[in-house]
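Please read the structure below before turning to the comments.
Here is the naming used below: chain letters follow the sequence lines, and residue numbers restart at 1 for every chain. We use all heavy atoms of the structure for the numbers below, so side chains are in, but hydrogens, waters and symmetry mates are not.
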2 protein chains.
Amino acid sequence: MTVLEERSDERQPACSIQATLDIVGDRWTLLILRDLFRGVRRFSRMQHDLGIARNMLADRLSRLTDAGVVAKVPYQHRPVRYDYVLTPKGLDLSNSLLALMAWGDRWCHDGDAPTVLVHADCGTPLEIATRCPACDETVSPTRIRSLAGHDDTSPGRELAAAGAARAFQQHPTNGGAL
Amino acid sequence: MTVLEERSDERQPACSIQATLDIVGDRWTLLILRDLFRGVRRFSRMQHDLGIARNMLADRLSRLTDAGVVAKVPYQHRPVRYDYVLTPKGLDLSNSLLALMAWGDRWCHDGDAPTVLVHADCGTPLEIATRCPACDETVSPTRIRSLAGHDDTSPGRELAAAGAARAFQQHPTNGGAL
DNA sequence: CCGAGTCAGTTGCAAACCGAAACTGACTCC
DNA sequence: GGAGTCAGTTTCGGTTTGCAACTGACTCGG
């Protein structure tokens, strides 16, 4: 039992972030998914791109396949050789990858992104955002509240965002990136 | 040198996803950030919430502090005890966390989210989306193209999304989540 | 002022994880 | 038919992880 699956003991039984990390919460797994999104489909190509050990790659791909995130489609028989392609479940991770990438662009590369993602229809650089469908506007972290889904008791808790922002203001000496 | 920092050998020197993962690409780190977003600020509370070993927690918090994602603000002297709060850099990770959470809601809990995030101003459940600011619309993964930022040669590559979707259609027998 | 309790963080050690290299089949190409 | 490629699997030693116990430095009640 590896660290990737051991969380079945469920300390936070119903946390979706934990559930997601149980599947993709591993540096190699996320980098493999990045490669898949970029169109890399072959074992050897990924191995070369990532510099990952082959046993690790084989292990991660089979986990992803078991999880239904990736599917193996044979491109050759005897010996069977597979392309690894994203399933709909895997494609749906694009927002997550994009959000991580956007953060890296902003904070690790001073905003000048190594690769820019643009809208295929008009060429405009894309952005990722939390939105309120009713107000039809982008919502800042300070305007987010969490609501218990079922078995919790606190309705409408303030997320840390606002509080943290306040607390942080009071100590402007800390934090490198201010 | 841990797995968290060893990537300075830079196989993909300018990949923002890799850069991001160098900082937060670790299951504990992301769960710690989740707690911070929820308003947990004390060492002992996090330790109890997460079930993480204290040395791990101390290590991760000091990494996050070094990275400027978290700041320590003392709430007591002799002995100095700290609140851990998100810096602006840390707050900016909310989109990433939300995207991971949304994915877990959809694919690990059949869509019935354990916790729902709503707009503080109107109570509407939020969504996270990739958007084109010019077209003012949500962009699906298949309509995304990648553009090299500077030192690459391939302008306007098709991301895997479209191709993978096609390839996957041709083999509808694979993949658990169809 | 004393002893119990709490809290943040460190140290020791066994277990789990990781990656390099070697190995295995089963081709493909000349 | 021999060399080369490809997708893994196995082996093995070093690194990392995490539990448990320990260390300071308080706080609190009396």
Side-chain angles (χ1 to χ4, degrees), chain A residues 1-12 18 21-22 24-32 35-36 40-66 70-85 174, chain B residues 1-11 18 21-32 35-36 40-66 70-85 174:
Chain A
M1 176 159 63
T2 80
V3 71
L4 289 175
E5 50 202 0
E6 76 186 347
R7 285 285 124 197
S8 47
D9 62 346
E10 300 286 349
R11 264 174 193 282
Q12 300 281 339
Q18 189 141 35
L21 294 180
D22 285 341
V24 300
D26 168 85
R27 81 169 297 105
W28 284 128
T29 301
L30 283 166
L31 290 174
I32 289 165
D35 251 28
L36 288 168
V40 177
R41 299 148 84 121
R42 296 287 224 270
F43 187 95
S44 58
R45 176 72 193 287
M46 284 183 223
Q47 201 265 315
H48 178 261
D49 271 12
L50 269 45
I52 183 178
R54 285 202 298 262
N55 52 355
M56 287 288 100
L57 180 55
D59 176 74
R60 294 301 185 271
L61 285 173
S62 77
R63 279 176 200 283
L64 287 172
T65 306
D66 290 348
V70 163
K72 299 162 71 166
V73 319
Y75 66 89
Q76 156 190 307
H77 302 276
R78 299 173 46 253
V80 195
R81 287 296 124 88
Y82 299 101
D83 275 327
Y84 294 89
V85 302
N174 292 326
Chain B
M1 177 158 61
T2 79
V3 70
L4 288 176
E5 52 204 359
E6 76 186 346
R7 287 284 125 198
S8 47
D9 61 345
E10 299 283 350
R11 265 175 192 280
Q18 190 141 34
L21 293 180
D22 285 342
I23 298 173
V24 300
D26 166 85
R27 77 168 299 108
W28 285 126
T29 301
L30 283 166
L31 291 173
I32 289 165
D35 250 27
L36 288 169
V40 177
R41 300 148 84 121
R42 297 288 223 270
F43 186 94
S44 58
R45 176 73 193 287
M46 284 183 224
Q47 201 265 316
H48 177 261
D49 270 12
L50 270 46
I52 184 178
R54 285 202 298 261
N55 53 354
M56 288 288 101
L57 181 55
D59 176 74
R60 295 302 185 272
L61 284 172
S62 78
R63 280 176 199 283
L64 287 172
T65 306
D66 289 349
V70 163
K72 299 161 71 167
V73 319
Y75 65 87
Q76 154 191 306
H77 304 275
R78 298 174 45 250
V80 194
R81 287 296 124 86
Y82 299 101
D83 275 326
Y84 294 90
V85 303
N174 292 325

[X] [atom1] to [N] [atom2], straight-line distance once rounded to whole Å:
X       : N      : atom1 : atom2 : result
A:Met56 : D:dC12 : CE    : P     : 17 Å
A:Gln47 : D:dT5  : CD    : C1'   : 13 Å
B:Asp26 : C:dC17 : CG    : P     : 14 Å
B:Tyr82 : D:dA25 : OH    : C1'   : 13 Å
A:Asp59 : D:dT11 : CG    : P     : 16 Å
B:Gln76 : C:dG9  : CD    : P     : 11 Å
A:Arg27 : C:dC17 : CZ    : P     : 18 Å
B:Arg41 : C:dC7  : CZ    : P     : 17 Å

Is a donor-acceptor pair below 3.5 Å formed from side chain B:Asn55 to base C:dG9, judging by atom type as modelled? no
Backbone of B:Pro79 reached by a side-chain donor or acceptor of B:Gln76 within 3.5 Å: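 At least one qualifying donor-acceptor pair exists.
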Sidechain-backbone polar pair: B:Thr65 side chain, B:Leu61 backbone, donor-acceptor under 3.5 Å: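 Yes, because the side chain of B:Thr65 sits within donor-acceptor range (under 3.5 Å) of the backbone of B:Leu61.
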Any [X] side-chain N or O less than 4.0 Å from OP1/OP2 of [N]:
X       : N      : result
A:Ser44 : D:dC6  : no
B:Arg54 : C:dT6  : no
A:Trp28 : C:dC18 : no
A:Tyr75 : D:dA7  : yes

Could you work out which one of [options] sits closest to the side chain of [X]?
X       : options                : result
B:Arg60 : C:dC18, D:dA25, D:dT17 : D:dT17
B:Phe43 : C:dC18, C:dA8, D:dA25  : C:dA8
A:Arg81 : D:dT17, C:dG25, D:dG24 : C:dG25

Less than 4.5 Å apart, side chain to side chain, heavy atoms only: is that true for A:Ile52 and A:Met46?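 Side-chain contact under 4.5 Å: no.
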Might you point out which heavy atoms bring A:Leu36 and A:Val70 nearest each other, and give the distance in Å?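 The pair with the smallest heavy-atom distance is CD1-CG2, 3.5 Å.
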Nearest nucleotide by nearest heavy atom, which residue falls closer to the 5' end of DNA chain C, B:Arg45 or A:Ala53?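 Comparing both residues, the 5'-ward one is B:Arg45.
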Tell me, please, whether B:Tyr75 has B:Arg42 positioned over its six-membered ring: NZ or CZ under 6.0 Å from the ring centre and within 45 degrees of its axis?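 Pair B:Arg42/B:Tyr75 counts as cation-pi.
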